[in-house]
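Below is one structure, written out as structure tokens; comments come after it.
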Amino acid sequence: MPKQVDHSSRRATISDAVMRLLARDGLESISLRHVAAEAGVSAGQVQHYFPSKEAMMEFATTTIAERIAARITAAGPDPDLHQILTALLPTGPESAADARVLIGYLAFASVRPHIAETLATNGVGFRDHIAAMITDHPDPTAAAESLLALLDGLALHVTIGQLSQEKAQALLTAAIDETQGTPSARSTQPPK
């Protein structure tokens with residue numbers, strides 16, 4: 001009788017290996033051989049689920065998007081601008097690992113026009129969602145673009161250790177408050 005294979009379990013094992021390698025060792029570590037070694041399976045098994053590096057990277061970004069959505073959902077049924085944007089900032093071990101993977105994916109996409117185009121299209125949708133939340137600004141779209149660009153820069157600086165998570169959060173909070181024209185108790189001097 002042929003051995004029964006639990007495909008969902010094997011895919012989860014391989015998927016976890018892809019995510020660990022990306023977060024720990026970066027984009028260069030993603031190959032059939034490296035993923036197979038990390039997962040403890042054959043390269044053929046990896047290729048069955050992920051036929052290319054691009055497929056592995058697409059899986060990783062989908063996984064991270066799901067994690068970010070879960071962090072936003074955990075903020076409550078009607079998250080505000082602070083909660084949504086803070087969910088994208090690396091503030092703990094999982095979100096820091098996700099940020100490292102996303103930064104690698106952006107580098108990967110930067111030399112693959114078809115991926116970059118998809119990212120740009122998705123980015124416009126997210127920008128428009130953020131702009132719709134900015135009500136007291138003369139140009140909500142420009143304000144949303146500025147906040148998202150700042151967020152990307154803050155995530156990169158936290159990831160490489162140039163800024164602390166706390167300082168990045170304070171800078172993001174101050175920028176959101178300024179954009180909304182509402183000085184708030186949250187908006188204090190960023191820690192040095």
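In what follows, residues are counted from 1 in the order of the sequence shown.
The closest side-chain heavy-atom distance from Val18 to Thr63 is not below 4.5 Å. Put simply, the side chain of Pro90 reaches to within 4.5 Å of the side chain of Thr159, judged on heavy atoms. Contact annotation: the side chain of Leu21 never approaches that of Met56 to less than 4.5 Å [non-hydrogen atoms, C-beta and beyond]. Considering only heavy atoms from C-beta on, Arg33 stays 4.5 Å or farther from Val46 through its side chain. Within the 4.5 Å cutoff, no side-chain heavy atoms of Met19 are placed close to those of Arg24.
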Start with the C-alpha distance between Glu38 and Ile14, add both sets of side-chain angles, then the distance that settles side-chain contact (heavy atoms from CB on, under 4.5 Å), and finish with yes or no.
CA-CA 8 Å; Glu38 180 75 18; Ile14 295 168; over 6 Å; no
For a side chain to side chain donor-acceptor pair (under 3.5 Å) check, start with the C-alpha distance between Asp177 and His82, then their side-chain angles and the critical distance, and finish with the verdict.
CA-CA 9 Å; Asp177 289 345; His82 286 276; 2.8 Å; yes
side-chain contact (heavy atoms from CB on, under 4.5 Å) between Leu119 and Thr61, worked out:
CA-CA 10 Å; Leu119 284 175; Thr61 56; over 6 Å; no
Can Leu27 and Val101 be said to form a side-chain contact (heavy atoms from CB on, under 4.5 Å), step by step?
CA-CA 8 Å; Leu27 180 62; Val101 173; over 6 Å; no
Is there a salt bridge (Lys or Arg N to Asp or Glu O under 4.0 Å) between Arg71 and Asp98 once you walk through the steps?
CA-CA 12 Å; Arg71 287 195 288 271; Asp98 290 349; 3.3 Å; yes
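For residues 155-176, the set of pairs meeting the ring pair (Phe, Tyr, Trp, His ring centres under 6.0 Å) definition, not counting sequence neighbours, is empty. For residues 127-144, the pairs satisfying salt bridge (charged side-chain N to carboxylate O under 4.0 Å, His left out) are Arg127-Glu145, with sequence neighbours left out.
The closest donor-acceptor contact from the side chain of Ser110 to the backbone of Ala107 lies under 3.5 Å. Side-chain atoms of Gln169 do not come within 3.5 Å of backbone N or O of Glu166 as any donor-acceptor pair. Ser29 contributes a side-chain N or O that, together with a main-chain N or O of Gly26, makes up a donor-acceptor pair within less than 3.5 Å.
With rounding to the nearest 0.5 Å, the separation of CG in Asp16 from CZ in Arg11 is 11.0 Å. Within the model, atoms NE2 of His137 and CD of Gln180 stand 10.5 Å from one another, a figure rounded to the nearest 0.5 Å. Note that CG of Leu81 and OG1 of Thr135 are 10.0 Å apart. Values are rounded to the nearest 0.5 Å. Considering CD1 of Ile103 and CG of Asp152, their distance stands at 8.5 Å, rounded to 0.5 Å. Rounded to the nearest 0.5 angstrom, Glu58 CD and Lys53 NZ are separated by 13.5 Å. Note: Ser52 OG to Ile30 CD1 = 11.5 Å, rounded to the nearest 0.5 Å.
With hydrophobic clusters built from ILVMFWY side chains whose heavy atoms lie under 4.5 angstrom apart, Leu148 shares a cluster with Ile84. Note on Leu151 and Ile68: same hydrophobic cluster, where clusters join Ile, Leu, Val, Met, Phe, Trp and Tyr whose side-chain heavy atoms are under 4.5 Å apart, directly or indirectly. Hydrophobic cluster membership differs between Phe126 and Leu156, with clusters built from Ile, Leu, Val, Met, Phe, Trp and Tyr side chains linked at under 4.5 angstrom. Following chains of ILVMFWY side-chain contacts shorter than 4.5 Å, one can reach Phe50 starting from Ile115, so the two form part of one hydrophobic cluster. Under a hydrophobic-cluster definition in which Ile, Leu, Val, Met, Phe, Trp and Tyr are linked whenever side-chain heavy atoms come within less than 4.5 Å, directly or via other members, Leu150 and Leu85 are assigned to the same cluster.
No salt bridge links Arg100 with Asp25; every basic N to acidic carboxylate O contact stays at or beyond 4.0 Å.
The minimum heavy-atom distance linking Pro79 with Ile72 is given by the pair CG-CG2, 3.7 Å. In terms of heavy atoms, Val158 sits closest to Ser164 at CG2-O, 3.9 Å. Shortest non-hydrogen contact noted between Ala144 and Ala131 is CB-N, 3.7 Å. Looking at every heavy atom in both residues, Ile134 comes nearest to Ala143 through CD1-CB, 3.9 Å.
Judged by distance alone, the side chains of His114 and Glu54 do bring a donor and an acceptor atom under 3.5 Å apart.
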